[in-house]
Amino acid sequence: MRVRYAPSPTGDPHVGNLRTALLNWVFARHAGGQFIVRIEDTDRERMVDGSLDRILSALEWLGLDWDEGPGVDGPHAPYVQSDRKALGKYAKAAQMLIDNGQAYECTCTPERLDQVRLRQRAEKKPTGYDSYCRNKSDEERTADKAQGLATVVRFKVPLEGEVVFNDVLRGPLTFDPSLLQDFVILKSDGYPTYHLAHIVDDHDMGITHVLRSEEWISSTPRHVMVYEGFGWEPPAFVHLSILLGPDRAKLSKRHGDTALLEFRDKGFLPETMFNFLSLLGWSAGDDEEVMTREQIVEKFSLDGLNAAPSIFNITKLEWMNGVYLRQLPVHALAEILIPELEAPDGLPASISRPLDRDYVTELVPLVHERLKVIDREELAGMLAYFFQDEIELDPAAVVQKGMNEAATASALESAAVALESAEAFESEPLEEGFRALCVELGLKPRQFFGALRVALTARRVAPPLFDTMVALGRERSIARVRRAAALLLRDQAVS
RNA sequence: GCCCCGUUGGUGCAGCGGCCUAGCACGCCAGCCUUUCAAGCUGGAGAUCACGGGUUCGAAUCCCGUACGGGGUACCA
């Protein structure tokens, strides 16, 4: 069993494309077959620099390794169509079809084709090639050749009968070939079109199953005819549902982030993307959703594929990323966090780099279950005060509901004293002591701890208070609490 | 226009003729926990299974039609 992923280097790898790649990969790994990557670069005009690299990086990032393809030699090399074209493979194949009377050369100009199309549209007829060159005599063809007209090769579509193929997901699909036009298989620049290239290659490479996007259904009858023209057995076709944006239109750039690598850059883990992408249009049939790569491979089956299109649900993706983030061991998360925090747009420039790795590791538990994605800005906000000596504090924010400045300042001073005298500077003993102090001061925990939190972090929302004190250390904690008290008293004096 | 595919709560899925008074997850709401935010736990709202016909003792599940959505209709893949 052999499957392939055959991207075109015409842009940034899209989540929809990678989802197709992923399903192919999972299928291959499940069945113990081979997963082949083949680059379909036959459209020389739409080629985009760097696209191929990004496609391969995206595959690698998701952990979709290939058994044959770019950088991995195999018995069917080369795996790039422009290289295969240089070997004459497609010209030879096209010639074979011409010799069999299944294809013919066409010298119609793009201008004539446009005119034909315009007329068809005006007459409200189906658009497409009118087979003008199909029945040219040998004399006409030699005359064309003598003129040196640009030539394409077209496939001769049968005028009657029907084309049937079986789609694994949808059952037998029947098409009327008279609605299909004589399509181009070899372009005037000598490159094959998809309709020729992928068939020659899939046959050469022994591909047994083609899992591709639903948008290919309409051209599959063409492919079946070409297979028949060559006398080859077509592979099994599995047309995967496409991905839709929230507006139910085909997922595309205008829906925001759809390039897979953007998700990496925005702080999604590859495990999350792998799991999430696998669930778009597939399910194991049980109610499990959070699964490891191994579990997905093990449970995979073509029967679990769903023919209905799926909507890409970012909210659920974020939830799932949170699940994976929480599963990460502390040191692994620290490894991820350190470069983010050290980045120029991470922690404020005033904080010196490199960061103390052990200290970051100590801080990880404080933010661990509060993360959904790895967002530099958010992280910097959550952690900057641990790395600073002084924080920018708005005294008004320290004062809690039902308290005034003087009372808050005095409570903070008591806290400072307690911090000074605390025996074990650890979370639990501190909490015990502070709870007692809170009662003694006649304050609600909400008031006392709230004031302390703002005094220590300058934030209303922060990690658990006593863990924060421990991470800050005794000296800094005392200094911050005292400074907040002083600011409050000063403000009070002014007003 | 023509051809093709699809249609289960807001979203992702389960369901493959009786076990469905339609299950799970995300999201939403409420409660618990609690020093904030999360996480976690418990509970709740939310679907006449697009609609209309058939087939069948019995249909979300099979067939036909309609509506709606999507895809294709290139010397793009």
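Because the structure is a prediction, the values reported are computed rather than measured. By convention in this document, chain letters (A, B, ...) are assigned in the order of the sequence lines, proteins followed by strands, and residues within each chain are numbered from 1.
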**Prompt:** Of all the nucleotides listed (B:A77, B:U11, B:G70), which has the minimum atom distance to the side chain of A:D43?
**Reply:** B:A77
**Asked** A:R446 side chain N/O closer than 4.0 Å to the phosphate oxygens (OP1, OP2) of B:U36?
**Response** yes
**Message:** As a test of reading the structure: which of B:U73, B:U11, B:U34 is closest to the side chain of A:R435, going by heavy atoms?
**Reply:** B:U34
**No-H, no-angle donor-acceptor pair, A:S188 side chain to B:C75 base, under 3.5 Å** = yes
**Sidechain N-carboxylate O distance under 4.0 Å for A:E105, A:K145** = yes
**Prompt:** Heavy atom of residues 314-327 of chain A under 4.0 Å from RNA chain B: which residues?
**Reply:** A:T315, A:K316, A:W319, A:R326
**Item:** A:K187 side-chain N/O to B:A77 phosphate OP1/OP2 under 4.0 Å
**Value:** yes
**Message:** Heavy atoms from C-beta onward define the side chain here; which of B:A39, B:G70, B:G12 lies closest to that of A:K372?
**Reply:** B:A39
Quick one: which protein N/O atoms are closer than 3.5 Å to N/O atoms of nucleotides 2-8 of chain B? Pair and distance per line, please.
from : atom 1 : to     : atom 2 : distance (Å)
B:C5 : O2'    : A:R170 : NH1    : 2.5
B:C5 : O2'    : A:E214 : OE2    : 3.1

**Asked** Under 4.0 Å between a side-chain N/O of A:R154 and OP1 or OP2 of B:C75, yes or no?
**Response** yes
**Asked** Distance check: side-chain N/O of A:S213 vs OP1/OP2 of B:G71, anything under 4.0 Å?
**Response** no
**Request:** Respond yes when some side-chain nitrogen or oxygen of A:S241 is under 4.0 Å from OP1 or OP2 of B:G70, and no when none is.
**Result:** no
